[in-house]
Amino acid sequence: MSNHLYDALIAPRALDEASFICQAGKPDLSFKGFAENAARLAHVLVKAGVSPGDRVVVQAPKTVEMVALYIATIQAGGVFLPLNTAYKTDEVAYFLSDATPSVLVCEGTRQEELSAVAGTAKVLTLNADGSGSLTQDLNDHSSHFDTIDRAGHDLAALLYTSGTTGRSKGAMLTHDNLLSNARALCDLWQITSADRLIHALPIFHTHGLFVALNTSLLAGVQLDLKTGFDLDAIFGAMKQATMLMGVPTFYTRLLGDARLTAEATKNMRLFISGSAPLLAETHEAFTARTGHRILERYGMTETNMITSNPYDGKRRAGTVGHPLAEIEVRVTDPETGKEVPKGDVGMIEVRGPNVFQGYWQMPEKTAAELRDTGFFITGDLGTFSDDGYLSIVGRSKDLIITGGYNVYPKEIEDVLNEIDGVLESAVFGVPDADFGEAIIAAIVPNSSAAVDTEELAAVVAQKLARFKHPRRYEIMQALPRNTMGKVQKNLLRDSYG
Ligand code: MCA
Ligand code: AMP
């Protein structure tokens, strides 16, 4: 009997009484207590109808119980599919119809609206305080569960990532995709059981879910689970912690607080940044204030982590470092797919044990982005320095990254274009001191109609998660286009940034 991921993450510490995870308002749990709760939850999942390979969709507040549910799904042979808690019912309905899960776990307050779109999935609830139908009879179940066999090539997770066509794609990630990456990161970042991680990221994306949790479980790190990014909580936690993983917004917000000093961070060993570009000036300002060099790394939902600045060597601001162990990165000409000379800018492609198996039920999209040779075409443009540091210099995909969340303009434009009185729209990102980029929508009304921006905002609010809402609407007579008729978003960015 073997389960590739579970056996590496949980089995070695299943009897360990050392403290593992804490969350305000809840008793601390040891590794053993955590593993037992995960086993009980695995029984609940099986009772609810989860068979090996079934998807378990979770849209629930961040809790210790949700972390255990992730492990329970793996132990029960299921495929974990977490969703951003900000997604509206329309958005969740798409994921449910595409992934056809056997179980949906959601917050009690949303049970009714989500049950209406859940199809045949059994709906269970999990609330912010850990209560709900998922956990209510937990102690009736055995703390032992006969782990379901799963090989390295079996699916462990399906993570949706939005696309340039506006339709989200489910990235199929195997047990080995996740485990190989966690191993590479633990080795490189020298993560050990002496570490304590401040976990303030959401657990529905790769960063907070896999980079943070899988490495912590693998190395036996203590987890200080925070439900969100709160400066008071972070400064309090830094006294005992050794590591923080965050998006650039974490670091600009820390820098905006006078409490950020060398003294306040003296117990910390490592600050990691990723998911969006960290400005070189943020990097330098952080060093000046604390003496710590932030370690920036680069990854994607489809690939987990790809490159990282070195632990011991020079952490170079404005670069994302070197490829991780066993991962190949090449920079190619987007037209020919041929590698370009070092120093030239091209498409970043990646191959290795980290690369996903393709998009769920989308063979054409998979074929377009995953070459027969195993190289995945990231859509990011980059260049290697002579000494092998990769810098990301742009994106060939029309994508906005706001506070570490990816937003594809097409999805918002589709909603706007449907509204009466809107002839066409163009959504673009402009620099923002807090979120890195902020969303703006340019609207061209029908000649006969006058559009009311408040009405536009109301429709968008009903259909799309808050982080996708344009911060501003600009009404114009026509969109700037090039001779090919393509909207020139760079001109819009220049005018309205
Ligand atoms: C919150 N709001 C946002 C965002 N977050 N708007 C745009 N972009 C956002 N990211 C909205 C809120 O709903 C609120 O709206 C208003 O902005 C102010 O919220 P605030 O309280 O200041 O925000 P927050 O709750 O403190 O959240 C900011 C945050 C959070 C901490 C940066 O967005 C966050 O945790 N981001 C991390 C995302 C992440 O994990 N990315 C990893 C993806 P209102 O005023 O109307 O209430 S994985 C990935 O990208 C790859 C694989 C990788 O390499 O890691
Ligand atoms: P996602 O599709 O949500 O997994 O986001 C992945 C994208 O985030 C990548 O394709 C990059 O464009 C971006 N990204 C991740 N890490 C970094 C980084 N350190 N610097 C710049 N962009 C990054």
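Numbering of ligands and ligand atoms starts at 1, following listing order.
- Scanning the protein for heavy atoms near atom 13 (C) of ligand 2, the closest one is I401 CD1, 3.5 Å.
- One option in H469, E302, R466 has a heavy atom closer to atom 45 (O) of ligand 1 than any other, and that option is R466.
- Of the protein's heavy atoms, R297 O, 2.7 Å lies nearest to atom 19 (N) of ligand 2.
- With respect to atom 9 (C) of ligand 2, the closest heavy atom belonging to the protein is D380 OD2, 3.3 Å.
- Which parts of ligand 1 touch M300 is read off a 4.0 Å heavy-atom cut-off, strictly below it: atoms 52 (C).
- Note on ligand 1: K468 sits outside its first shell, no heavy atom being nearer than 4.0 Å.
- Residue-level proximity to ligand 1 for M245 is absent, since no heavy atom of it falls below 4.0 angstrom.
- Interface of L201 with ligand 1, defined as ligand atoms under 4.0 Å from a residue heavy atom, comprises 40 (O).
- Each of the atoms 2 (O) of ligand 2 lies under 4.0 Å from some heavy atom of T161.
- The shortest heavy-atom distance from G208 to ligand 1 is not under 4.0 Å.
- The shell of residues lying under 4.0 angstrom from ligand 1, judged by heavy atoms, includes R471.
- Heavy atoms of H207 found under 4.0 angstrom from ligand 1 belong to the backbone as well as the side chain.
- Every atom of ligand 1 is numbered from 1 in the order shown, and the set under 4.0 Å from a heavy atom of T402 is 7 (C), 8 (N), 9 (C), 10 (N).
- Side chains of N177 and V355 form no contact here, defined as non-hydrogen atoms less than 4.5 Å apart.
- Looking at atom 17 (C) of ligand 2, its nearest protein heavy atom turns out to be A276 N, 3.7 Å.
- Note that CG of L416 is 11.0 Å distant from NZ of K463, once rounded to the nearest 0.5 Å.
- Heavy-atom proximity to F229, at under 4.0 Å, picks out these atoms of ligand 1: 31 (C).
- Counting heavy atoms under 4.0 Å from ligand 1, residue T249 touches it through the side chain alone.
- At least one heavy atom of R297 sits under 4.0 Å from some atom of ligand 1.
- Considering each of G403, P202, G404, the one bringing a non-hydrogen atom nearest atom 40 (O) of ligand 1 is P202.
- Every atom of ligand 1 with a heavy atom of T301 under 4.0 Å away is listed here by number and element: 52 (C).
- With respect to atom 16 (N) of ligand 2, the closest heavy atom belonging to the protein is S275 N, 3.1 Å.
- Neither the backbone nor the side chain of M305 has any atom closer than 4.0 Å to an atom of ligand 2 (non-hydrogen atoms only).
- In the vicinity of I392, heavy-atom distances shorter than 4.0 Å reach the ligand 2 atoms 20 (N), 21 (C), 22 (N).
- Contact annotation: for V320 versus ligand 2, heavy atoms closer than 4.0 Å belong to the side chain alone.
- Atom numbering of ligand 2 starts at 1 in the shown order; those under 4.0 Å from a heavy atom of R395 are 12 (O).
- When the heavy atoms of F210, F467, Y405 are ranked by distance to atom 38 (C) of ligand 1, first place goes to Y405.
- Residue S273 has no N or O atom closer than 3.5 Å to an N or O atom of ligand 2.
- Near E296, meaning under 4.0 Å from one of its heavy atoms, ligand 2 places the atoms 18 (C), 19 (N), 20 (N).
- In the vicinity of F250, heavy-atom distances shorter than 4.0 Å reach the ligand 1 atoms 31 (C).
- Using the six-membered ring where Trp is involved, Y70 and F80 have ring planes that are tilted, between 30° and 60° apart.
- Every atom of ligand 2 is numbered from 1 in the order shown, and the set under 4.0 Å from a heavy atom of M300 is 4 (O), 6 (C), 9 (C), 10 (O).
- Tested against S216 for a side-chain contact (heavy atoms from CB on, under 4.5 Å), the candidates V211, V221, D195 yield a single pass: V221.
- The contact set between ligand 2 and P277, taken as ligand atoms under 4.0 Å from a residue heavy atom, comprises 20 (N), 21 (C), 22 (N).
- One side chain, E369 or Y359, offers a donor N or O that lies under 3.5 Å from an acceptor on the other.
- Using a 4.0 Å heavy-atom cutoff, Y298 is absent from the residues neighbouring ligand 1.
- Considering only non-hydrogen protein atoms, atom 2 (O) of ligand 2 sits nearest to N406 ND2, 3.0 Å.
- In the displayed structure, Q462 atom CD is contacted under 6.0 Å by at most 12 heavy atoms of other residues, nucleotides or ligands.
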